[in-house]
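All figures in this text were calculated on a predicted structure; none of them were measured in a lab. Naming: A, B, ... by sequence-line order, numbering from 1 per chain.
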Number of protein chains: 12
Amino acid sequence: MTNHVYKSLELTGTSGTNMEDAIKNAVGRAAKTVHNMRWFEMVGVRGHIEKGAVSQWQVTIKIGFALEE
Amino acid sequence: MTNHVYKSLELTGTSGTNMEDAIKNAVGRAAKTVHNMRWFEMVGVRGHIEKGAVSQWQVTIKIGFALEE
Amino acid sequence: MTNHVYKSLELTGTSGTNMEDAIKNAVGRAAKTVHNMRWFEMVGVRGHIEKGAVSQWQVTIKIGFALEE
Amino acid sequence: MTNHVYKSLELTGTSGTNMEDAIKNAVGRAAKTVHNMRWFEMVGVRGHIEKGAVSQWQVTIKIGFALEE
Amino acid sequence: MTNHVYKSLELTGTSGTNMEDAIKNAVGRAAKTVHNMRWFEMVGVRGHIEKGAVSQWQVTIKIGFALEE
Amino acid sequence: MTNHVYKSLELTGTSGTNMEDAIKNAVGRAAKTVHNMRWFEMVGVRGHIEKGAVSQWQVTIKIGFALEE
Amino acid sequence: MTNHVYKSLELTGTSGTNMEDAIKNAVGRAAKTVHNMRWFEMVGVRGHIEKGAVSQWQVTIKIGFALEE
Amino acid sequence: MTNHVYKSLELTGTSGTNMEDAIKNAVGRAAKTVHNMRWFEMVGVRGHIEKGAVSQWQVTIKIGFALEE
Amino acid sequence: MTNHVYKSLELTGTSGTNMEDAIKNAVGRAAKTVHNMRWFEMVGVRGHIEKGAVSQWQVTIKIGFALEE
Amino acid sequence: MTNHVYKSLELTGTSGTNMEDAIKNAVGRAAKTVHNMRWFEMVGVRGHIEKGAVSQWQVTIKIGFALEE
Amino acid sequence: MTNHVYKSLELTGTSGTNMEDAIKNAVGRAAKTVHNMRWFEMVGVRGHIEKGAVSQWQVTIKIGFALEE
Amino acid sequence: MTNHVYKSLELTGTSGTNMEDAIKNAVGRAAKTVHNMRWFEMVGVRGHIEKGAVSQWQVTIKIGFALEE
């Protein structure tokens with residue numbers, strides 16, 4: 001088993017739809033510049049309320065990716 | 001930037017469908033009596049199991065709203 | 001009110017779809033061998049990322065069930 | 001299963017006797033104005049010491065009650 | 001000093017009387033099937049409220065017991 | 001020692017100046033409608049950043065006050 | 001209001017009877033050498049199990065006392 | 001990616017040598033009866049002191065293993 | 001409402017003056033290279049003591065900023 | 001690098017002015033009897049409210065100091 | 001005392017040998033691109049289990065380093 | 001079973017070698033002045049980094065010892 005070193009990023013994805021979509025948005029944005037992503041961990045869920053209704057889901061995740069040797 | 005004071009309520013919304021729906025039910029119920037709601041934070045997820053299947057999602061949130069001056 | 005004793009199991013359900021489905025998979029698997037399940041509590045959400053996208057939702061829950069007298 | 005919305009109050013009950021009594025005092029006081037209380041959760045225990053002995057038990061609980069539709 | 005391996009169970013005992021009794025009920029039920037129990041740790045206290053009064057104490061504990069070699 | 005019951009409110013005070021001022025704003029606003037306040041506990045500090053500088057301090061506190069008999 | 005400085009001790013009291021008694025034992029022992037004790041906070045409850053029954057309650061508390069000027 | 005369900009066990013391994021050895025002892029003992037173990041997580045480290053020196057390392061871990069379909 | 005993705009940095013600012021100044025120093029240093037900063041959250045306060053007096057305040061914050069599309 | 005052993009004290013300083021002053025009061029009081037203090041960590045902030053206003057800041061810190069060989 | 005600003009990275013080092021080695025691997029990898037590292041803090045230990053034995057230690061640390069002025 | 005009262009000390013041991021050695025150093029130093037030590041609990045691990053490598057392990061533990069009657 002190769003002994004990689006992994007780095008964690010903390011991102012907050014947002015979505016008008018649901019929590020999974022907010023997470024996918026964060027991972028999708030990270031994929032533009034980060035390679036070798038392996039896992040995420042959800043560390044918080046908040047949201048915006050407008051006119052008495054949820055208008056945005058805000059999900060904070062940590063993303064782990066392997067550093068190149 | 002106006003320096004409002006915000007109050008937090010802790011509510012548990014429930015739903016037979018999913019977590020987002022439980023949160024929307026809590027926010028919707030609060031909207032009947034609370035104005036100026038701005039954000040929520042998810043602080044716990046529990047659920048009811050009946051006959052070996054999830055029958056209800058119970059999501060506890062804190063809701064922040066601006067107090068009137 | 002009968003004073004039952006409840007036991008908690010900690011399971012991690014997985015799903016390619018969403019968090020609710022991962023939880024349902026865990027509860028469904030437990031139902032094969034455990035009776036009298038009453039509640040669950042979500043204690044962690046992680047996931048697998050492949051090729052820059054979420055490929056699996058991994059949700060850890062505690063399940064409470066009543067022990068027989 | 002009806003999908004109620006529940007609200008949580010945080011109260012600190014006090015007693016010269018023991019922890020259970022402090023909790024009962026908090027629940028009893030709440031019952032004067034709050035209906036449909038369903039559960040409590042203990043979130044902290046402190047106490048007052050006078051002349052080298054415990055003189056008061058102070059137990060903080062959250063109380064959940066169903067909001068009317 | 002023998003180097004045993006211990007396993008932890010998480011149980012919730014209930015009682016109409018007090019917290020200690022709820023813990024004793026959990027330990028007593030466990031004793032029917034588990035041997036070599038050594039310690040417990042209290043990890044949560046909740047309760048049921050009926051008609052404005054505490055009707056049941058629900059105490060969650062972890063119990064550690066030595067596994068046989 | 002009288003065995004009062006105390007209720008906790010969770011408020012977020014804001015200020016352009018510093019953390020103490022944000023707390024004072026929250027307590028001052030509460031004093032308009034709440035009597036017999038006794039203590040507060042700081043439970044979180046956040047802030048707003050505009051144009052690369054802190055523009056607002058946001059301090060969340062719990063306030064404990066004695067309920068009337 | 002005099003601005004005292006307080007010191008906290010962490011003690012674990014034990015008892016064969018109940019949690020309150022374990023706390024009283026800790027406070028009573030501290031009173032032999034510590035003056036001006038003002039409050040305690042419960043930070044953990046564990047216990048010893050012998051022959052399938054709780055044989056000892058072990059309650060860890062922090063005790064705050066005023067330092068002399 | 002197959003959507004397994006995983007179960008977590010909580011074990012405390014002990015050793016007179018070091019923390020890693022205590023963890024290996026716990027995993028080794030579990031391997032006698034549990035199959036398909038995949039990961040562990042360290043959740044606490046305690047130890048026994050005798051005659052002014054550490055005589056035993058006690059490491060609590062959660063072990064995750066795949067349940068058979 | 002645009003669905004941005006935000007990234008969090010963790011910084012520790014230091015100051016010989018007070019906590020607010022330490023936070024401002026961290027935000028000011030970040031502003032040299034980071035754009036679109038929106039919020040911070042205080043996650044820890046430590047300090048250095050020299051010759052029996054506080055010589056430096058060390059405040060750790062998370063800073064959230066919007067990633068460009 | 002010399003391998004010192006450090007001891008931590010937990011103190012609560014109080015002040016009518018602000019949080020930094022409360023911490024300085026605690027460190028200053030400790031300096032009367034403790035040598036070689038190196039760092040502190042803030043572990044809690046509470047305060048006293050009188051007549052609807054903050055009358056005292058109460059800041060709990062841990063202080064680390066080097067033990068003499 | 002110069003008032004530096006420090007940044008924290010979160011890395012997970014892995015090793016087939018032990019926890020210290022996993023941490024050293026993370027620090028060593030970071031040293032390739034990061035200067036002025038000053039401290040680390042261990043924030044989690046997990047591991048991989050293969051064929052009933054620990055095959056890899058995975059230790060997550062935060063590393064603090066001084067930012068250049 | 002005698003109902004002793006135990007006191008906890010918080011110490012940070014350091015070592016250039018590994019975590020176990022840092023803990024042993026803390027326990028060994030405590031043994032010079034403290035009798036009847038029974039257990040320790042690890043509450044934090046930090047370390048010093050010099051020239052891109054770990055130069056010191058710093059492990060904080062709580063030590064419990066029995067107070068004399």
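Of all residues in residues 29-43 of chain I, those placing a non-hydrogen atom less than 4.5 angstrom from a non-hydrogen atom of chain F are Ala31(I), Met37(I), Arg38(I), Trp39(I), Phe40(I), Glu41(I), Met42(I).
Only the side chain of Ile63(I) comes within less than 4.5 Å of a heavy atom of chain F; its backbone N, CA, C and O stay farther away.
Within the structure, side chain to side chain donor-acceptor pair (under 3.5 Å) contacts touching residues 15-25 of chain I (residues at least two apart or in different chains) are Ser15(I)-Asp21(I).
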